[in-house]
K.L.:
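Please read through the structure below; I'll follow up with questions.
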Amino acid sequence: MTILPFADRKCRRSPRSSPLLSVTARSEFNHAGASFSGAVFNLSTTIVGAGIMALPATLKQLGLVPGLIVIVLAAMLTEKSIDMILRFSRASKSSSYAALVGDAFGGAGRNLLQIFIVVNNLGMLVVYMIIIGDVMSGLWSQGIHHSGVMEEWFGLHWWTSRSSLMLCTTLFVIAPLISFRRVDSLKYTSALSVGLALVFVVITAGIAIMKMINGSIEMPKLMPEIVDQASFWKLFTTVPVLVTAYICHHNIHPIDNELTDSTKIKPIVKTSLTLCASLYVLTSFFGFLLFGDQTMDDVLGNFDGYLGTRYSSLLNDIVRVSYGVHLMLVFPIVFFSLRLNLDGLLFPYAIPISYDNKRFFTITVGLMSIIFLGANYVPSIWDAFQFTGATSAVSIGYIFPAVIALKDTHGIATKNDRIVSWAMIILAVSSSSVAISSDIYSIFNRSKTAGS
């Protein structure tokens with residue numbers, strides 16, 4: 001008899017009737033099923049992370065009209081890729097993304113997907129931790145120190161240093177949240193996280209509308225400025241940012257596995273993507289409208305000075321604090337998938353990690369140590385984040401769903417599936433190649449400039 005990894009074993013919809021559970025799904029089923037609203041908030045929180053702050057800069061690059069259009073198109077393409085994942089999972093009776101890939105391409109394919117998810121999620125969480133540190137303790141940019149909120153409020157002390165604040169955040173906020181073993185346990189913090197993202201939208205929109213009324217905002221550019229071949233190719237570097245902004249594929253199955261009615265997952269996905277796309281459109285529009293050509297790659301950096309309105313300092317603090325707390329609440333959702341996939345990669349034949357306290361504790365502490373050290377000793381990893389977006393994110397979001405549909409192991413792919421799959425592969429490969437080449441060129445130029 002051939003013994004398969006738990007991630008490749010199939011289980012029926014009712015887990016209580018099956019003696020085997022997917023290690024990659026890792027959900028505990030001895031509780032009441034997850035609610036529709038809880039699943040929507042958890043999936044929305046998976047989507048809305050650091051990517052939201054990069055989208056106004058995407059409009060600066062693409063222009064207002066094309067930028068808003070591609071944000072909506074990216075949401076539609078994401079919904080299509082998730083729909084394919086769900087349909088092929090039902091056909092193969094796979095209870096995890098990794099098991100689905102394993103069904104189509106064997107153990108090598110499953111391991112490759114898990115590696116991409118681990119790299120993508122680990123990179124995102126280090127970025128989240130760095131931004132949390134920047135918000136609380138400040139950062140250095142181009143030789144200028146931008147104060148964090150704790151420095152502004154209490155002055156420079158050992159306990160307002162970056163390392164101290166990040167250690168306290170890790171121990172007293174993040175550690176308790178990542179200790180939960182079910183995704184549904186995070187539904188309330190996820191709802192709060194989405195609410196905090198709305199705070200950013202409301203404040204940005206309010207300031208922009210006020211400045212429009214008094215005529216102090218210039219008309220933003222509607223179309224991209226293409227002056228040479230380099231500026232044309234640079235437009236494609238926005239694709240990895242857009243893909244990263246919608247990546248949630250790795251948490252679809254854990255959320256689905258906790259539902260008592262699996263038919264709800266598609267409406268949940270549609271609702272979450274509609275909510276997040278609306279947030280993205282509003283954030284991008286008002287952020288770009290407010291700051292124009294001065295919009296930074298991370299628009300949060302623009303909330304560091306006078307906003308041209310009353311209570312500017314207070315609004316800056318509210319925006320930064322609310323977004324910092326938002327990332328703290330997003331952290332456990334992304335970490336949940338990271339831990340599951342790393343465990344499935346390292347221990348494919350072991351019992352579910354939620355039933356093994358020693359393995360759960362060891363992997364959790366090990367991952368948090370790596371994230372904490374990375375956030376403290378890597379000054380800026382936006383270049384690395386762009387690389388992960390151009391490789392891991394597009395693979396998770398586009399390439400793997402597309403090749404699963406093209407492989408069509410169970411003969412359920414439609415003609416439309418094949419057309420969309422080829423479109424996703426061409427878009428992913430071409431944009432990633434251009435983005436990586438552009439990033440390498442930028443890094444080389446900066447090194448050359450620094451050397452001279």
Side-chain angles (χ1 to χ4, degrees), residues 26 28 41-42 45-46 48-50 118 121-140 147-197 251 254 300 317-318 320-343 346 353-354 356-381 385:
R26 323 291 182 170
E28 291 185 7
F41 283 127
N42 281 329
T45 302
T46 305
V48 180
V118 168
N121 289 18
L122 194 62
M124 283 198 295
L125 291 179
V126 174
V127 170
Y128 291 178
M129 189 69 81
I130 287 178
I131 295 176
I132 291 169
D134 292 344
V135 167
M136 294 192 301
S137 183
L139 73 156
W140 286 89
S147 298
V149 291
M150 297 299 286
E151 287 182 357
E152 292 176 358
W153 293 349
F154 302 108
L156 293 173
H157 304 282
W158 67 267
W159 49 272
T160 60
S161 67
R162 186 184 189 87
S163 297
S164 298
L165 289 171
M166 289 174 65
L167 181 61
C168 289
T169 301
T170 300
L171 293 178
F172 300 112
V173 180
I174 293 176
L177 293 176
I178 63 176
S179 299
F180 290 113
R181 312 209 178 189
R182 300 180 72 240
V183 179
D184 191 55
S185 301
L186 299 167
K187 60 185 177 184
Y188 297 114
T189 57
S190 293
L192 178 59
S193 174
V194 174
L196 291 172
N251 264 350
L300 194 67
D317 285 349
I318 292 174
R320 289 186 291 170
V321 170
S322 62
Y323 186 64
V325 176
H326 162 75
L327 288 183
M328 294 178 195
L329 301 180
V330 172
F331 196 102
I333 289 287
V334 179
F335 189 89
F336 188 92
S337 178
L338 170 63
R339 179 171 52 207
L340 294 187
N341 281 277
L342 181 61
D343 179 67
L346 298 177
I353 190 173
S354 57
D356 189 328
N357 291 332
K358 182 177 180 181
R359 207 166 80 243
F360 185 91
F361 177 80
T362 302
I363 292 178
T364 300
V365 172
L367 286 172
M368 277 309 307
S369 299
I370 294 171
I371 294 167
F372 182 79
L373 291 174
N376 273 281
Y377 293 103
V378 177
S380 175
I381 65 163
F385 191 48

K.L.:
Between Ser179 and Phe360, what is the shortest heavy-atom contact and its length?
P.N.:
O-CZ, 3.7 Å
K.L.:
So does Thr189 get a backbone contact from the side chain of Ser193, meaning a donor-acceptor N/O pair under 3.5 Å?
P.N.:
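No, the answer is negative, given that no donor and acceptor are paired below the 3.5 Å cut-off.
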K.L.:
Do the non-hydrogen side-chain atoms of Val365 and Ser369 ever get within less than 4.5 Å of each other?
P.N.:
yes
K.L.:
Measuring from Asp317:CG to Ser322:OG, what's the distance to the nearest 0.5 Å?
P.N.:
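Reported value, rounded in 0.5 Å steps: 10.5 Å.
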K.L.:
Under 3.5 Å, side chain of Ser337 to main-chain N/O of Ile333, donor-acceptor pair present?
P.N.:
no
K.L.:
Could you check whether any side-chain heavy atom of Pro254 comes within less than 4.5 Å of a side-chain heavy atom of Phe336, counting everything from C-beta outward?
P.N.:
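Side-chain contact under 4.5 Å: yes.
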K.L.:
Could you tell me the separation between the CE atom of Met328 and the CE atom of Met129, rounded to the nearest 0.5 Å?
P.N.:
9.0 Å
K.L.:
Measure the spacing between CZ of Arg359 and CG of Asp343 and express it to the nearest 0.5 Å.
P.N.:
4.0 Å
K.L.:
Ignoring hydrogens and angles, tell me if any N or O in the side chain of Asn341 forms a donor-acceptor pair with the backbone of Val118 under 3.5 Å.
P.N.:
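Judged by distance alone, no pair lies under 3.5 Å.
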K.L.:
Check whether any side-chain heavy atom of Val48 sits under 4.5 Å from a side-chain heavy atom of His326, and report yes or no.
P.N.:
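A side-chain contact under 4.5 Å exists here.
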K.L.:
Measuring only between side-chain heavy atoms, which start at C-beta, is Ile178 closer than 4.5 Å to Thr364?
P.N.:
yes
K.L.:
Is there a side-chain contact (heavy atoms from CB on, under 4.5 Å) between Leu167 and Phe372 once you walk through the steps?
P.N.:
CA-CA 8 Å; Leu167 181 61; Phe372 182 79; 4.1 Å; yes
K.L.:
Roughly how far apart are Leu192 CG and Leu329 CG, rounded to 0.5 Å?
P.N.:
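These two atoms lie 5.0 Å from each other.
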K.L.:
With a 4.5 Å heavy-atom cut-off, do Phe331 and Leu327 have their side chains touching?
P.N.:
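Answer no - side chains too far apart.
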K.L.:
What is the distance from atom CG of Leu367 to atom CZ of Phe335, rounded to the nearest 0.5 Å?
P.N.:
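Going from CG on Leu367 over to CZ on Phe335, the span is 4.5 Å.
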K.L.:
Can you confirm whether Leu338 sits close enough to Val334 that some side-chain heavy atom of one is under 4.5 Å from a side-chain heavy atom of the other?
P.N.:
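No. Closest side-chain heavy atoms not under 4.5 Å.
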K.L.:
Evaluate the side-chain proximity of Ile131 to Tyr323: yes if any heavy-atom separation is below 4.5 Å, no if none is.
P.N.:
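Result yes, sub-4.5 Å side-chain heavy-atom pair found.
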K.L.:
Roughly how far apart are Leu125 CG and Met368 CE, rounded to 0.5 Å?
P.N.:
8.0 Å
K.L.:
Between Val173 and Leu177, which heavy-atom pair has the shortest distance, and what is it?
P.N.:
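What the structure gives for the nearest pair is O-CG, 3.3 Å.
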